[in-house]
Amino acid sequence: MDWRTIEKLPVAGGTVPNLVDYEETCRTFSWEGAGALLDGLPGGSGLNIAHEAVDRHVAHGRGDRVALRCLDRAGNSTDLTYRDLQEQTNRFADALRTMGVARGERVFVLAGRIPELYIAVLGTLKAGCVASPLFSAFGPEPIRQRLSLGDARVLVTTEALYVKKVAKLRDSLPGMEQVLVIGQGGDGRRSDTVDFHEALGAGDPSFAIAPTDPEDMALLHFTSGTTGTPKGAIHVHQAVVSHHVTGAYALDLHPEDVFWCTADPGWVTGTSYGIISPLTHGVTCIIDEGEFDAERWYRILAEQQVTVWYTAPTAVRMLMRAGTEPARDADLSALRFVASVGEPLNPEAVVWGQEAWGRPIHDNWWQTETGGIMIANYAAMDIRPGSMGRPMPGVEVAILLQGDDGRAKVADDGTVEVIEKPNVEGELAIRPGWPSMFRGYLHDEARYEACFAGGWYLSGDVARFDEDGWFWFVGRADDVIKSAGHLIGPFEVESTLMEHPAVVEAGVIGKPDPVAGSIVKAFVSLREGFEPTDDLRLELIGFARTRLGPAVAPRELDFDQHLPKTKSGKIMRRLLKARELGLPEGDLSTLERDA
Ligand code: ATP
Ligand code: MG
């Protein structure tokens with residue numbers, strides 16, 4: 001398959017999609033109208049994410065619906081209805097108030113995907129405090145960095161994580177006054193921690209939600225650290241309008257859905273779409289404590305009759321490694337819609353999904369900074385494999401003329417040039433004004449300011465749009481390779497290599513070269529049954545040459561079964577490059593353990 005051909009795949013049938021007429025919806029859409037889909041706080045006292053996600057459904061007589069179905073590692077499940085969740089989150093909010101935690105103060109949660117994590121995050125929002133979930137597999141130093149940068153006042157964690165990672169950090173975090181421990185050990189009680197469930201038990205189940213303003217800070221999310229030190233992006237309660245609308249349009253959520261978002265709430269996807277968006281739609285969310293395991297995942301999809309599934313390219317590639325057989329053995333008859341985010345989704349993977357599951361994968365694009373989905377392939381629209389799709393209604397996206405560094409070229413008078421012609425690469429930019437836009441990087445005003453020019457938010461990604469308005473990802477501005485006068489996006493080269501039956505994953509970098517500026521170098525992981533021989537190396541280079549031409553195909557190719565990735569599964573090209581060139585490896589706080 002030539003990845004540039006537009007291959008139209010059939011749209012999954014069944015439920016009528018929320019977005020049927022894209023053009024018409026874009027024409028008539030307004031964020032004010034979208035805001036009216038939500039209730040707002042009783043008595044017109046503002047907007048609060050947790051009210052829209054939880055209490056609203058109880059008020060509308062849907063309290064008995066299961067909100068969260070939490071599966072533990074052993075596969076046991078605990079259900080929390082919307083009413084249960086309302087009561088528990090009220091109790092937690094009241095516990096915070098009793099402890100004297102003030103509005104706007106930061107409450108961090110460091111725990112696996114267990115019910116308490118969800119209760120703590122939503123309860124924090126009800127108290128008017130700021131929630132920041134951290135990925136539980138972080139080591140002590142990345143945890144300390146983030147707690148310190150985020151001015152943590154409270155931490156909620158588990159006994160095991162406290163003993164292993166947090167206890168030794170206490171002295172260096174004097175502002176972190178309270179630590180609530182889930183499953184606190186019975187004997188030898190500590191004087192400097194509080195038992196989470198005791199505090200919850202003492203909390204008032206009828207707590208009245210804090211009157212929060214739409215512009216009040218609600219969430220603090222750290223970026224994935226793919227390109228450098230993670231940044232703490234600030235989001236406000238108003239973001240829930242984006243969460244809700246994108247859940248309807250880009251994930252096609254309907255109230256009767258069983259929805260599984262596989263991302264951890266420590267990453268923005270796991271909060272925006274693993275907690276908030278689906279709950280605002282009143283769906284049942286599947287929460288799995290376990291890590292990736294192909295067999296387990298197919299079992300969950302089948303047993304829970306998941307209807308909408310939101311995952312990431314890294315998971316899709318791992319499932320591709322496991323082959324089509326386990327997929328065909330699983331009962332995926334309930335599955336209606338599959339979406340993916342986080343990295344470019346190779347066209348090969350979209351087609352594979354169609355073959356293995358009978359469902360194509362709908363790629364969508366967004367960032368920690370955008371807070372919600374910005375560009376997507378929608379349920380009612382044909383998919384162009386390899387494309388991120390089209391902008392969300394209400395979201396204005398442009399491609400800006402780029403300078404030598406791959407970033408938008410900003411003139412002396414501060415203006416930028418919007419590219420009107422299709423198929424020209426430039427920096428992807430978004431017109432500010434959507435509700436879930438970040439309102440700052442915590443303690444880094446200058447960096448925030450630098451994200452805007454000429455009335456646009458600059459994403460740092462390079463992309464292009466085609467004649468029909470579909471957007472195509474080229475690469476991060478930092479990763480784009482300049483070779484002998486060509487600008488080469490690593491994604492294109494990686495996707496081509498993945499079309500070869502031996503290749504399951506690829507990372508491509510530019511390696512400095514005195515003649516060409518840079519040459520393209522590829523690192524590839526092989527599918528089981530293939531040996532990393534010189535013959536295969538030549539074959540792969542040849543394969544890429546025929547498809548991409550000699551100017552774009554890799555000149556060098558190494559085999560690497562463990563490409564370095566972030567903990568959220570993104571290939572870290574900057575690390576491949578640093579290692580190749582023997583340069584300092586930079587911030588590794590989000591590096592996956594065995595890479
Ligand atoms: P950091 O900003 O710390 O380097 P990060 O950019 O990986 O880390 P996130 O906000 O989690 O942090 O990721 C957003 C980025 O992920 C996007 O800017 C883009 O580069 C990439 N991305 C997300 N979705 C897609 C997609 N569908 N296609 C291509 N790239 C994507
Ligand atoms: Mg980023």
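In what follows, residues are counted from 1 in the order of the sequence shown. Bear in mind the structure is a predicted one, so any value in this text is a computation, not a measurement. Whatever order the structure lists them in is the order used to number ligands and atoms, beginning at 1.
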For the residue pair [X] and [Y], confirm or rule out a side-chain donor-acceptor distance under 3.5 Å.
X: N18; Y: Y378; value: no
X: H243; Y: S277; value: no
X: D461; Y: W365; value: yes

Problem set entry | Cationic tip of R106 above F108 ring, under 6.0 Å, 45° of axis | no
Problem set entry | Geometric cation-pi criterion, R146 with F138: 6.0 Å, 45° | yes
For this session: Can you figure out which of T269, N377, D363, D461 has its heavy atom closest to atom 19 (C) of ligand 1?
Result: D461
Could you list the atoms of ligand 1 found under 4.0 angstrom from a heavy atom of [X]?
X: N364; value: 24 (N), 26 (C), 27 (N)
X: V341; value: 24 (N)
X: P344; value: 28 (N), 29 (C), 30 (N)

How far is [atom] from the closest protein heavy atom, and which atom is that?
atom: atom 26 (C) of ligand 1; answer: E343 O, 3.3 Å
atom: atom 22 (N) of ligand 1; answer: G342 O, 3.3 Å
atom: atom 4 (O) of ligand 1; answer: T227 OG1, 2.3 Å
atom: atom 2 (O) of ligand 1; answer: K231 NZ, 3.1 Å
atom: atom 25 (C) of ligand 1; answer: W365 CD1, 3.5 Å
atom: atom 12 (O) of ligand 1; answer: S224 N, 3.2 Å
atom: atom 5 (P) of ligand 1; answer: T226 OG1, 3.4 Å
atom: atom 16 (O) of ligand 1; answer: K570 NZ, 3.0 Å

Problem set entry | Polar contact flag for T368 and ligand 1 (N/O pairs, less than 3.5 Å) | yes
Exercise. Any N or O on S459 sitting closer than 3.5 Å to an N or O of ligand 1?
Worked result: no
For this session: Between F491 and ligand 1, find which residue part has any heavy-atom pair under 4.0 Å and reply side chain, backbone, both or neither.
Result: neither
Seminar exercise, completed: Note: R476, heavy atoms under 4.0 Å from ligand 1, region reported as side chain
Exercise. Going by an N to O cut-off under 4.0 Å, is there a salt bridge joining R384 and D466?
Worked result: yes
Problem set entry | Basic-acidic side-chain contact under 4.0 Å: R144, E141 | yes
Exercise. Does at least one non-hydrogen atom of W366 fall below 4.0 angstrom from an atom of ligand 1?
Worked result: yes
Exercise. Hey, does G225 sit under 4.0 Å from ligand 1 if you only count heavy atoms?
Worked result: yes
Exercise. What closest approach, in Å, do A506 and V524 show between heavy atoms, and which atom pair accounts for it?
Worked result: CB-CG1, 3.9 Å
Exercise. When the aromatic ring centroids of W267 and F135 are compared, is their separation below 6.0 Å?
Worked result: yes
For this session: Examine W366 together with W434 and report whether their ring centres are nearer than 6.0 Å.
Result: no
For this session: Could you check F438 against Y457 for ring-ring contact (aromatic ring centres under 6.0 Å, His included), going step by step and ending with a plain yes or no?
Result: CA-CA 10 Å; F438 70 138; Y457 162 69; 5.6 Å; yes
